[in-house]
Amino acid sequence: MRCCETQANNNCCNAICGCGEQNNDAKKKKIVIDFMYLDLNVCDRCRGTESSLEEAVADVKRVLELTGVEVVVNKIHIDSEEKAIQYRFESSPTIRINGKDIQLETKESLCESCGDLCGDEVDCRVWIYNGEEYNVPPKAMIIDAILREIYGSSGSSDNNEDKTEQKYELPRNLQKFFESVRGKGEKMEKMRV
């Protein structure tokens, strides 16, 4: 007899018991990570964030699966103002876990690679972790955010929920980026003619 069958009310574990049998009655938790970015070809911050996210997820994914947590990562290219509005995009790059930005405060600094991309000066996100500023979020910051979402930590989620209730306006920095990209595209088109 399997151990799940021997336990009263089938409550031997969250998802997997010691015998390796799946407990089908246990509800599996899901963590949805949305990685939103402006560019993965030129922008050093977006590429670095993607790499840091992939490493963090790889480090925790197996353990999370063993505890019954499914990890889903969505990579969302914010390539238009309409998409930015649809996703309530504040700054590039962004990582949200179950809809909550892992960085509550949006801080930005000049991003030369995005400036090269659009032909104008543009600011991109600066990540703050343990009192230090980073152009790319440290892997530990992402892992902390994932674990906080799963195992709960009071504090930051209330501010994120308030943001979803507020009226969204496309930040001026993103307006400038998309206007510059359009302008650069129009210039290139004129040069071809």
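Hydrogens, waters and symmetry mates are skipped; everything else that's a heavy atom, side chains included, is used.
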What I'd like to find out is whether the side chain of C114 reaches to under 4.5 Å of the side chain of V42, using heavy atoms alone. no
Rounded to the nearest 0.5 Å, what separates atom CD in E82 from atom CG in L170? 9.5 Å
S92/C46 under side-chain contact (heavy atoms from CB on, under 4.5 Å): CA gap, chis, key distance, verdict: CA-CA 7 Å; S92 184; C46 289; 3.3 Å; yes
Co-membership, hydrophobic cluster, residues I85 and Y87, 4.5 Å side-chain: yes
Taking R96 for its side chain and D34 for its backbone only, find out whether a donor-acceptor pair lies under 3.5 Å. no
How many angstroms lie between CG in L64 and CD in E70, if you round to the nearest 0.5 Å? 11.0 Å
Any F35 side-chain heavy atom under 4.5 Å of I76 side chain: no
Hydrogens and angles aside, do D144 and Y129 bring a side-chain donor and acceptor to less than 3.5 Å of each other? yes
V57-I143 co-clustered via ILVMFWY side chain contacts under 4.5 Å: yes
Flag the pair Y151 / I146 as yes when at least one side-chain heavy-atom distance between them is below 4.5 Å, and no otherwise. no
Is there a donor-acceptor pair closer than 3.5 Å between any side-chain N or O of K29 and the backbone N or O of I150? yes
With no hydrogens and no angle check, is any side-chain donor or acceptor of D123 less than 3.5 Å from a backbone partner on L110? yes
For K107, I'd like to know if atom NZ has over 12 heavy atoms of other residues, nucleotides or ligands within 6.0 Å. no
Going through the checks in order, is the side-chain contact (heavy atoms from CB on, under 4.5 Å) test met by N173 and V122? CA-CA 7 Å; N173 190 47; V122 176; 3.9 Å; yes
Between the side chains of R125 and E105, is the shortest nitrogen-to-carboxylate-oxygen separation below 4.0 Å, so that they form an ion pair? no
Derivation and outcome, side-chain contact (heavy atoms from CB on, under 4.5 Å), residues L38 and F89: CA-CA 10 Å; L38 290 175; F89 193 55; 3.9 Å; yes
Correct closest heavy-atom pair for W127 and I95 would be CH2-N, 3.9 Å
How long is the gap from CG on L53 to NZ on K139, to the nearest 0.5 Å? 12.0 Å
Please work out which of the three classes, parallel, tilted or perpendicular, describes the rings of Y37 and H77, given edges at 30° and 60°. parallel
For D101 and L104, indicate whether the former's side chain and the latter's backbone hold a donor-acceptor pair under 3.5 Å. no
Can you see which heavy atom on I78 is nearest to which on M36, and at what distance? CG1-CB, 4.1 Å
Note: C43 and S113 closest approach over all heavy atoms is CA-OG, 3.3 Å
How long is the span from the CG atom in N74 to the CD1 atom in I33, to the nearest 0.5 Å? 9.5 Å
Tell me, do V71 and E65 make a side-chain contact under 4.5 Å, heavy atoms counted? no
Tell me, with the steps shown, if T106 and E90 meet side chain to side chain donor-acceptor pair (under 3.5 Å). CA-CA 8 Å; T106 302; E90 293 290 329; 4.9 Å; no
Test side-chain contact (heavy atoms from CB on, under 4.5 Å) on D120 and K176 and set out the steps. CA-CA 8 Å; D120 201 348; K176 183 179 175 182; 3.4 Å; yes
Determine, for E50 against K75, whether the closest basic-nitrogen to carboxylate-oxygen distance falls under 4.0 angstrom. yes
Looking at R182 and E81, does any basic side-chain N land under 4.0 Å from a carboxylate oxygen? yes
Within 6.0 angstrom of E55 CD, more than 12 heavy atoms from elsewhere: yes
To the nearest 0.5 Å, what is the distance between CE (M141) and CD1 (I128)? 8.0 Å
Is the shortest heavy-atom distance from the side chain of P93 to the side chain of R45 under 4.5 Å? yes
Does N135 reach the side chain of D44, with side-chain heavy atoms less than 4.5 Å apart? no
Roughly how far, to the nearest 0.5 Å, is the CD1 atom of I97 from the CZ atom of R148? 7.5 Å
Check: G48 main-chain N/O paired with S52 side-chain donor or acceptor under 3.5 Å: no
